[in-house]
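These notes concern the structure reproduced below.
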Amino acid sequence: MAEDKETRSKQLIGNMLVEANLLTKEGLEKAILEQKKTKEKFSRILVRLGLVEEEGLVTFLGKKFNIPYINLSTATIDASITDTIRYDVAKKYLLFPCQKENDILTVAMVDPLNTTTINELIVETGYQIKAIIASETAIRKAIRNYYEQTGKRKGVTIAPIAEGIDVDKIMRQSSEAPLISLVNHILEEAVNAKASDIHIEPYEQTLRIRYRIDGVLYEVATPPKQMHHPIISRLKIMAEMDIAERRLPQDGRCKVRIKNRDVDFRVSTIPANFGEKCVMRILDSSSLCVELTDLGFEPDTLATFEKNINVPHGMILVTGPTGSGKSTTLYSALRTLSTPEKNILTIEDPVEYVLAGVNQIQAKPEIGFDFASGLRSFMRQDPDIILVGEIRDRETGEVAINAALTGHLVLSTLHTNEAAGSVTRLVNMGVEPFLISSTLVMVVAQRLVRKLCSCKEPYEVSAESLKSLGIDIWEEKTVLYKPKGCEKCVNIGYKGRIGVYEILVSNEEIRDLIIHRETSHAIQQAAIKHGMVTLRETAIRKVLSGATTIDEMMRIVAEAG
């Protein structure tokens with residue numbers, strides 16, 4: 001249906017251009033064929049193929065749809081207006097604030113008919129939005145000129161290294177070998193900024209270093225390209241990797257002492273077009289094993305979670321995409337469950353964090369010691385609780401279920417979008433529904449959202465604006481919060497992340513649906529009927545409580561489908 005609508009839209013615009021003698025019929029056919037291949041935006045293809053001049057196209061569309069047009073290249077813009085819309089929002093939706101009068105904000109957009117984006121802007125800014133049209137090229141240029149080159153990239157500057165990593169200064173002032181000092185500085189600043197990953201990326205003329213903080217990548221330095229090989233070689237030496245091998249991917253680990261504590265780094269290199277790209281995962285155990293109360297559970301879902309992880313046997317699954325915090329939730333659960341009376345075994349690939357009082361085993365598929373074979377060996381080790389890093393195939397799923405059937409509590413992860421989808425995933429692997437029905441205790445679906453810093457700014461939103469985003473509120477006006485930025489959050493506006501959870505607890509009705517191979521939708525509806533709070537509803541709660549923003553909520557809604 002959506003594809004038919006999109007096709008009709010392209011045909012309509014194309015026919016209008018042909019009628020206005022701005023495009024030939026042959027050019028229209030060529031553009032439609034190209035769009036089917038590349039899936040690019042139709043207007044962008046027209047310009048890229050040289051079939052239509054961009055500013056002429058935008059002017060024409062503005063007149064046809066009765067939308068005011070602005071040429072940002074020649075217009076006079078008050079630079080202070082850019083404070084009304086954050087850099088990441090402007091870049092994400094390709095829009096630029098042009099004028100503010102009373103409570104009306106005029107915004108140039110590539111797609112001014114996109115009511116969803118306009119509604120989000122109303123909530124984000126607190127202003128009424130007057131949408132006008134401008135070319136994509138002009139908007140991108142304005143974003144560069146008014147945000148990036150003037151240092152107004154809100155939410156991107158990192159305070160501890162606000163001026164970037166001064167490579168020359170570090171190497172001049174170092175009492176150690178300059179290269180060693182530079183690498184140590186990069187690692188230390190990443191840990192100080194609470195980054196999860198460091199990316200070192202070579203390009204033809206430059207070298208870029210980025211940190212991933214709260215799930216978002218931020219550029220922090222562009223050292224001279226000639227520093228690339230020395231930096232990579234130093235990291236390879238630290239991680240006990242082969243510095244002479246540059247043609248194949250390599251993996252390694254190293255430990256660095258930072259601020260009187262040891263921090264582990266997992267190092268991965270791959271051969272890219274202009275040299276080796278390196279990504280370092282920061283394995284800081286202090287950020288992983290946290291109390292259950294600090295994970296972000298709502299009080300009712302926390303009570304449900306705690307109740308079900310304390311059952312004597314059965315299977316508990318945590319599901320979500322990569323980077324959604326599944327390991328943190330499972331390790332925190334194990335920390336709660338770990339007592340001298342219980343024998344806990346885990347099989348992981350890889351073992352990234354050491355848990356006190358837990359027997360952790362590294363899977364080694366290359367020698368035949370995979371999750372399934374590890375689980376079989378566990379049965380002779382008198383376990384009470386077993387954690388399997390991930391159920392990836394039928395064999396692992398069936399061995400895990402058999403362990404749960406024989407009186408053990410089994411915890412594991414799956415990759416699905418929502419809780420009910422885990423049942424379908426197991427069935428698709430070939431696991432028999434009656435086995436799933438007999439053992440499944442609880443499924444936890446989760447995501448992570450960035451948490452607003454204490455410097456957050458309040459703003460009022462009307463009930464009508466919230467309703468357009470699917471949030472029903474009785475009050476005429478609601479106070480929400482948006483990021484501001486301060487020294488505490490290094491000018492990002494967010495500090496840390498919290499979990500958003502959806503907990504499906506098995507019951508008689510759900511077990512019956514599983515046995516009869518019902519759809520995940522049917523299982524989800526049954527769970528909701530029995531009190532399950534969905535990911536979307538939980539994300540809305542976080543927004544209304546002031547913990548996070550509309551932007552973060554919308555991302556969760558998009559990911560959960």
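Start at 1 with the first residue, then count along the sequence. Values in this document were obtained by computation on a predicted structure and should not be read as measured data.
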Under the criterion side chain to side chain contact (heavy atoms under 4.5 Å, CB included), I'd like the reasoning laid out for E136 against L94: C-alpha separation, chi angles, the key distance, then a yes or no. CA-CA 7 Å; E136 180 177 335; L94 285 178; 3.9 Å; yes
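For the ring-ring contact (aromatic ring centres under 6.0 Å, His included) test, no residue two or more places apart in sequence or in another chain qualifies with Y494.
With rounding to the nearest 0.5 Å, the separation of CD1 in I198 from CZ in R281 is 11.5 Å. Atom OG1 of T269 sits about 10.5 Å away from atom CD1 of I200, to the nearest 0.5 Å. The line from CG of L113 to CG of L61 is 9.0 Å long, rounded to the nearest 0.5 Å. We find the OG-CD1 distance between S465 and I122 to be 5.0 Å, quoted to the nearest 0.5 Å. Considering CG of D197 and OH of Y211, their distance stands at 12.0 Å, rounded to 0.5 Å. In this structure, CG on L466 lies 10.0 Å from NZ on K477, to the nearest 0.5 angstrom.
Using a 4.0 Å cut-off between a side-chain N of Lys or Arg and a carboxylate O of Asp or Glu, K100 and D83 do not qualify as a salt bridge. E552 and R450 are joined by a salt bridge, as a carboxylate oxygen and a charged side-chain nitrogen come within less than 4.0 angstrom of each other.
Side-chain N or O atoms of E502 include none that pairs as donor or acceptor with a backbone N or O of T534 at under 3.5 Å. A donor-acceptor contact shorter than 3.5 Å links the side chain of H228 to the backbone of E276. The backbone N or O of D300 lies less than 3.5 Å from no partner atom in the side chain of E298, so there is not a single donor-acceptor pair. Of the possible polar contacts, one joining the K326 side chain to the G320 backbone as a donor-acceptor pair under 3.5 Å is found. Here the side chain of Q446 pairs no donor or acceptor atom with the backbone of G499 at under 3.5 angstrom. Under a 3.5 Å cut-off, the side chain of N102 and the backbone N or O of I104 do not form any donor-acceptor pair. Using a distance-only test at 3.5 Å, with no hydrogens or angles considered, a donor-acceptor pair links the side chain of T538 to the main chain of Y501.
When ring centroids are compared, F96 and Y146 come within the 6.0 Å threshold. Remark: aromatic rings of Y203 and F274 are distant, center separation not under 6.0 Å.
Heavy atoms of other residues, nucleotides or ligands lying less than 6.0 angstrom from NZ of K92 number more than 12. By the neighbour-count criterion of 12 heavy atoms within 6.0 Å, atom NZ of K225 is densely surrounded, having more than that number from other residues, nucleotides or ligands. Counting non-hydrogen atoms of neighbouring residues, nucleotides and ligands closer than 6.0 angstrom, the CD atom of E537 exceeds 12 such neighbours. H521 NE2: 12 or fewer foreign heavy atoms inside a 6.0 Å radius.
Taking 4.5 Å as the limit, some side-chain heavy atom of L544 sits within range of a side-chain heavy atom of L480. At least one side-chain heavy atom of I85 sits under 4.5 Å from a side-chain heavy atom of L105.
Residue pairs meeting the salt bridge (charged side-chain N to carboxylate O under 4.0 Å, His left out) criterion with at least one partner in residues 15-35, sequence neighbours excluded, are E34-R48.
Cation-pi geometry between K482 and Y459 is met: under 6.0 angstrom from the ring centre, within 45 degrees of the axis.
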